[in-house]
Number of protein chains: 2
Amino acid sequence: MRLVVAECQAHYSGRLAAHLPRARRLIVVKADGSVLLHSDGGSYKPLNWMSPPCSMAVREPDDLQKERGVTEVWRVQHSKADDRLDIEIFDVHHDSAHELGVDPGLVKDGVEAHLQRMLAEQIDLVGPGHTLIRREYPTAIGPVDILARDAHGATVAIEIKRRGDIDGVEQLTRYVELLNRDPLLTPVRGVFAAQEIKPQARVLAIDRGFTCLTLNYEEMKGYDDVDSRLF
Amino acid sequence: MRLVVAECQAHYSGRLAAHLPRARRLIVVKADGSVLLHSDGGSYKPLNWMSPPCSMAVREPDDLQKERGVTEVWRVQHSKADDRLDIEIFDVHHDSAHELGVDPGLVKDGVEAHLQRMLAEQIDLVGPGHTLIRREYPTAIGPVDILARDAHGATVAIEIKRRGDIDGVEQLTRYVELLNRDPLLTPVRGVFAAQEIKPQARVLAIDRGFTCLTLNYEEMKGYDDVDSRLF
DNA sequence: TTGTCTATCTCGTTT
DNA sequence: AAACGAGGTAGACAA
């Protein structure tokens with residue numbers, strides 16, 4: 001990994017064209033050839049970058065660039081796509097290289113899968129008398145998160161999201177429409193369950209005749225824990 | 001901006017819980033207090049990070065940590081949310097600070113907005129005899145990209161995307177359905193216009209009775225330039 | 001490899 | 001401030 005702090009200016013051309021005016025920035029050149037241009041603020045997203053696989057060619061500035069004070073020109077070219085990042089280097093304030101080795105990587109805990117598992121275990125949150133048919137019920141257009149049966153024997157298709165927006169409602173619509181064609185399952189009701197349901201999504205879901213269910217993650221987890229402690 | 005290359009181990013707790021085993025990494029501490037942990041590959045996204053606003057507290061390791069070789073413990077706490085990043089520092093290989101100043105930021109060239117403006121100007125790309133009603137035609141569920149009238153006086157709703165996928169077709173479907181309820185506009189045809197239309201999206205669009213229009217950005221821009229040169 | 005879905009998304013714009 | 005949409009989305013996982 002090479003770290004350079006320098007006055008620089010950059011142009012990106014690929015899916016879009018973008019320009020980065022002259023300023024002092026951090027330039028990170030990673031072992032895989034990828035390049036990041038970071039400012040001293042913002043979040044983790046670089047101002048500009050090139051993803052691997054890519055390669056960098058360093059060349060001398062032409063006369064016009066020399067006049068402008070450019071000392072080096074870096075061209076970072078993507079190996080597969082027509083994406084290119086051109087960096088003009090002015091004054092260099094820092095330049096160092098470091099061996100980092102391979103990283104073992106991040107270990108995460110689950111979120112949505114956890115919600116789905118918990119709702120399957122606490123299926124009566126959907127309503128009294130509900131029973132689970134199965135999780136990840138397979139259909140031609142993908143698995144339905146949870147398929148259940150309500151107290152009256154009707155089928156219930158449940159779509160679970162962490163954040164419920166309009167896309168999730170559309171997805172549920174496709175599932176319910178498809179499942180209702182199955183004479184063994186029809187009538188199928190739709191339930192849209194999420195930790196947070198966006199207002200627009202709620203309106204659309206209700207318009208489509210679905211039930212909205214807001215999931216309280218902490219509460220469900222508490223129930224889960226109690227459950228675990230008991231057995 | 002502070003750059004540290006060090007052996008480190010980290011824990012994140014917030015929206016999720018995550019752990020980063022001990023390894024040599026780049027730690028970037030930005031002027032706004034945000035922190036990035038980067039490995040030497042897999043560009044763009046850090047292994048772990050804390051977004052601003054946040055603050056960092058450095059403390060001495062406890063006895064157990066000292067035994068494990070920890071020399072410093074950094075706690076980065078988000079100022080508003082309950083997000084925390086704990087970093088244990090082992091050996092430090094590099095540590096430097098740099099003044100970068102405020103960045104002027106990225107200047108982009110247009111993407112979808114540009115496509116929309118150009119198609120409005122070259123509305124006959126949709127078909128001969130078409131006339132523009134207006135761009136960003138407002139409806140209850142959001143603005144329609146372009147509303148036009150065809151040679152026979154029928155209304156045409158155009159949804160523009162850089163990349164046309166299934167979401168865009170669903171969006172257009174909602175618009176066309178809504179607009180068709182307006183006696184002053186009906187009948188309304190749907191046109192799905194994009195630089196690139198995914199096969200699945202094309203199938204769905206045609207199934208819904210929409211016209212697909214592939215936009216050639218370079219060609220349209222050329223026309224645009226010629227147009228600009230003439231006037 | 002390709003497609004699909006999630007994200008500690010980020011980042012803008014609008015309401 | 002909250003919500004909505006787009007992204008050079010990136011990254012992960014299934015088909």
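Residue numbering restarts at 1 for every chain, and letters A, B, ... go by the order of the sequence lines.
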Student: A:R59: which residues meet the side chain to side chain donor-acceptor pair (under 3.5 Å) condition with it, sequence neighbours left out?
Tutor: none
Student: Rounded to the Å, how far apart are A:I160 CD1 and C:dA7 C1'?
Tutor: 18 Å
Student: Figure out the CG/P separation between A:D32 and D:dG11, and round it to whole Å.
Tutor: 10 Å
Student: Can you measure B:L36 atom CG to D:dA10 atom P for me and round it to whole angstrom units?
Tutor: 17 Å
Student: Output the distance between atom CG (B:L26) and atom NZ (A:K30), rounded to the nearest 0.5 Å.
Tutor: 8.0 Å
Student: Looking at every heavy atom in both B:L100 and A:S39, which two are closest together, and how far apart are they?
Tutor: CD2-C, 4.2 Å
Student: Taking atom P of D:dA6 as reference, at what distance in whole Å does atom CG of B:L106 sit?
Tutor: 19 Å
Student: With a 4.0 Å cut-off on N to O distance, would you call A:E170 and A:R174 a salt bridge?
Tutor: no
Student: Quick one: A:K30 NZ to D:dA10 C1', roughly how many Å, whole number?
Tutor: 12 Å
Student: Could you give the distance from OH (A:Y137) to CG (A:L185), rounded to the nearest 0.5 Å?
Tutor: 4.5 Å
Student: Using a heavy-atom cut-off of under 4.0 Å over every strand shown, decide if A:L85 touches base, sugar-phosphate, or nothing.
Tutor: nothing
Student: How is A:M50 classified with respect to the nucleic acid when contacts are heavy atoms under 4.0 Å: base, sugar-phosphate, or nothing?
Tutor: base
Student: In whole angstrom, give the distance that lies between atom NE2 of A:H78 and atom C1' of D:dT9.
Tutor: 14 Å
Student: Between A:Y12 and A:M50, is there a side-chain heavy-atom distance shorter than 4.5 Å?
Tutor: yes
Student: In whole Å, I'd like the distance from the NE2 atom of B:H38 to the P atom of D:dG11.
Tutor: 10 Å
Student: Grab the CG-C1' distance between B:L47 and C:dA7 for me, whole Å please.
Tutor: 16 Å
Student: How does protein contact run along nucleotides 9-15 of chain C, one letter per nucleotide 5' to 3', with B for base contact, S for sugar-phosphate only, - for none, heavy atoms under 4.0 Å?
Tutor: SSS----
